[in-house]
Number of protein chains: 2
Amino acid sequence: MPEPGSRSRSSSAAKPSAASPSNSIAVGAKIRHDIIKGVHPPGGKLREAALAKQYDVSRIPIREALRSLESEGLVESRPYSGSMVAPSPIEDAEDLFEIRIVLESATAKRAAKRAAQQSSGGVPDERWRMIRKEINEILAAGDIVIGEERYEDLAVLNMRFHFAIAELSGSLSFVSLLRQISGKIEWLYSLNVTRRGPQAWPEHRDIIAAIDAGQETKAAEVMGQHVRRSRDSYFAMMADRPA
Amino acid sequence: MPEPGSRSRSSSAAKPSAASPSNSIAVGAKIRHDIIKGVHPPGGKLREAALAKQYDVSRIPIREALRSLESEGLVESRPYSGSMVAPSPIEDAEDLFEIRIVLESATAKRAAKRAAQQSSGGVPDERWRMIRKEINEILAAGDIVIGEERYEDLAVLNMRFHFAIAELSGSLSFVSLLRQISGKIEWLYSLNVTRRGPQAWPEHRDIIAAIDAGQETKAAEVMGQHVRRSRDSYFAMMADRPA
DNA sequence: AACGATTAGATTGTATGCAAACAAGAGGGC
DNA sequence: GCCCTCTTGTTTGCATACAATCTAATCGTT
């Protein structure tokens with residue numbers, strides 16, 4: 001009996017958070033989570049059959065999930081040779097922060113530009129308001145999570161905040177590009193979230209304030225500073241414990 | 001007889017250029033090509049069964065190819081609803097050029113930095129020299145292709161040049177991010193290559209000269225200018241023929 | 001006639017079986 | 001003893017079969 005076989009759709013059910021339309025997407029989220037948590041260590045081989053048994057699906061959803069994770073840079077594959085967990089993002093932390101600086105400064109600038117157009121144009125734009133409202137919810141949720149010291153959830157909220165800013169920019173290309181590196185960013189962030197998280201969270205309000213005010217240059221600058229502080233905090237943390 | 005069935009590995013064989021280790025990658029390249037050439041029009045539905053018959057493979061390689069193209073932004077999919085060709089990149093041309101400006105300026109800057117380290121450090125770095133040599137070949141090949149007015153090939157060479165610069169930066173993250181949008185960039189570029197191509201090609205030598213000289217700021221500036229000129233040429237072309 | 005529920009068709013998602021390709025080890029030749 | 005070759009085992013890649021879901025056309029109701 002090599003494969004699961006029966007209609008075991010129920011198994012563990014996992015997150016009801018996002019709509020789980022297909023099994024393959026849910027499995028991908030689980031594997032991503034396990035990679036970030038270190039269940040699958042960097043450089044470790046990911047064998048399809050083993051994963052299929054472990055997550056109680058057949059190899060097909062596993063393969064699709066691995067391809068998806070490969071496009072996020074969390075997994076590396078070679079034809080006929082299999083997949084392995086990518087090296088720890090520590091290796092390219094410098095690159096990732098530099099990318100974030102240029103990319104997210106651009107999204108913040110764009111978002112501020114659109115905010116200014118919203119105010120002057122008189123066109124409400126329902127989608128903009130919806131995302132803007134969601135940002136307030138994310139910020140409030142973050143305050144609570146920090147109070148309860150649930151830092152793992154804070155890493156997710158942090159990612160959602162930065163995605164929301166990208167969505168405010170109105171550019172699907174920016175969102176898509178941010179998604180591409182979001183896996184490694186979240187991974188990196190989770191390594192330092194207990195130190196950086198509480199300090200960083202209030203800075204988000206400065207970012208959204210500049211955007212609301214429609215100040216393009218300032219929004220870009222504040223976002224750039226925010227990411228630079230994250231970078232510096234990260235490297236300070238690494239220097240503290242080279243154990 | 002719904003699927004191909006037999007061991008038809010031979011079919012058309014396509015490009016011997018890149019090693020074709022697995023069928024699915026080759027099929028992906030074909031579909032990408034056909035999307036850019038307009039065989040599959042923007043917004044057109046991509047049905048797996050039809051594609052499977054058309055490219056003479058089963059649905060599995062087709063699915064993998066579609067996922068890969070989805071991560072490049074050339075295809076959009078919804079679970080249980082199927083895939084369709086993404087809207088023409090004309091829609092987000094502005095975004096794509098802005099992304100290229102910030103991203104490729106950064107890669108050029110990094111490449112120049114590494115070039116300076118190469119010169120001073122005395123460490124030859126075999127990989128760097130190999131890529132550097134490949135760039136010369138790309139530039140020479142471009143000259144020939146322009147002479148013969150084979151502009152379709154020029155679009156491919158242009159993409160290879162910009163990838164090579166990213167590889168000179170030494171950062172896999174930058175390369176991976178550029179790959180993410182390379183599909184749409186090439187698509188966009190191919191719409192204007194007959195006008196922009198011959199004009200743009202010599203500019204590549206200015207870029208590599210600044211990199212070789214190790215001038216970080218200048219390399220970034222020249223690359224930024226190069227992309228801005230491409231942008232302006234593109235929008236001028238669109239204004240000329242709104243037909 | 002317009003609108004909603006329902007059912008039939010088509011299409012995607014997943015499971016399984018088999019073939020191709022890689023990887024490591026045994027055996028023979030130099 | 002060392003290197004090369006062949007063989008065997010494991011793993012990925014692909015083809016097919018089937019189940020779950022969506023879509024749209026039909027039928028019934030208001």
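Just so it is clear: chains get the letters A, B, ... in the order the sequence lines come, proteins before strands, and each one is counted from 1.
- Shown for residues 62-71 of chain A: residues whose heavy atoms fall under 4.0 angstrom of DNA chain D, namely A:R63, A:R67.
- For the segment residues 40-48 of chain A, residues with any heavy atom less than 4.0 angstrom from an atom of DNA chain D are, sorted by number, A:L46, A:R47, A:E48.
- By the ring-ring contact (aromatic ring centres under 6.0 Å, His included) test, B:F97 pairs with B:Y234, sequence neighbours left out.
- Between A:Y55 atom OH and C:dA15 atom P there is a gap of 15 Å when expressed in whole angstrom units.
- Screening residues 166-178 of chain B for salt bridge (Lys or Arg N to Asp or Glu O under 4.0 Å) gives B:R127-B:E167 as the qualifying pairs, with residues at least two apart or on separate chains.
- Distance NZ (B:K53) to C1' (D:dA15): 15 Å, rounded to an integer number of Å.
- Proximity of B:S81 to the phosphate of D:dT23: a side-chain N or O atom is located under 4.0 Å from OP1 or OP2.
- Listed by chain and number, the residues in a side chain to side chain contact (heavy atoms under 4.5 Å, CB included) with B:R114 are B:Q117, B:D125, B:W128 (sequence neighbours excluded).
- Closest approach of A:S24 and A:A65 over heavy atoms only: O-CB, 4.1 Å.
- Taking the side chain of B:V57 as heavy atoms from C-beta on, and the options D:dA15, C:dG13, D:dC14, the nearest nucleotide is D:dA15.
- At whole-Å resolution of the value, CZ in B:R78 and C1' in C:dT11 are 13 Å apart.
- Rounded to an integer number of Å, the gap from CD1 of A:I60 to P of C:dT12 is 16 Å.
- Scanning for ring-ring contact (aromatic ring centres under 6.0 Å, His included) contacts around A:H204 gives A:F161, A:H162, A:W201, A:H226, with sequence neighbours left out.
- Evaluation of the side chain to side chain contact (heavy atoms under 4.5 Å, CB included) rule for A:S83 yields A:L46, A:L66, A:V75, A:S77 as partners, not counting sequence neighbours.
- Nucleotide C:dT11 holds its C1' atom 7 Å from the CZ atom of B:R59, rounded to whole Å.
- Rounded to an integer number of Å, the gap from CG of A:L51 to P of C:dA15 is 14 Å.
- The CG-P distance, from A:N23 to C:dA15, rounds to 7 Å in whole Å.
- Nearest to the side chain of A:Y80, among D:dC14, C:dT12, C:dC22, sits C:dC22.
- Residue B:S83 is out of contact with every strand shown, counting any heavy-atom pair closer than 4.0 Å.
- In terms of the side chain to side chain contact (heavy atoms under 4.5 Å, CB included) criterion, residue partners of A:S182 (sequence neighbours excluded) are, by chain and number, A:E72, A:M159, A:F163, A:R179.
- Qualifying side chain to side chain contact (heavy atoms under 4.5 Å, CB included) partners for B:S173, counting only residues two or more places apart in sequence or in other chains: A:D92, A:D95, A:L96, A:I99, B:S171.
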Intermediate values then yes/no, side-chain contact (heavy atoms from CB on, under 4.5 Å), B:E186 and B:N158: CA-CA 8 Å; B:E186 189 182 333; B:N158 178 66; over 6 Å; no

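- One interatomic measurement links the two molecules: CD1 of A:I25 to P of C:dG13, which rounds to 8 Å at whole-angstrom precision.
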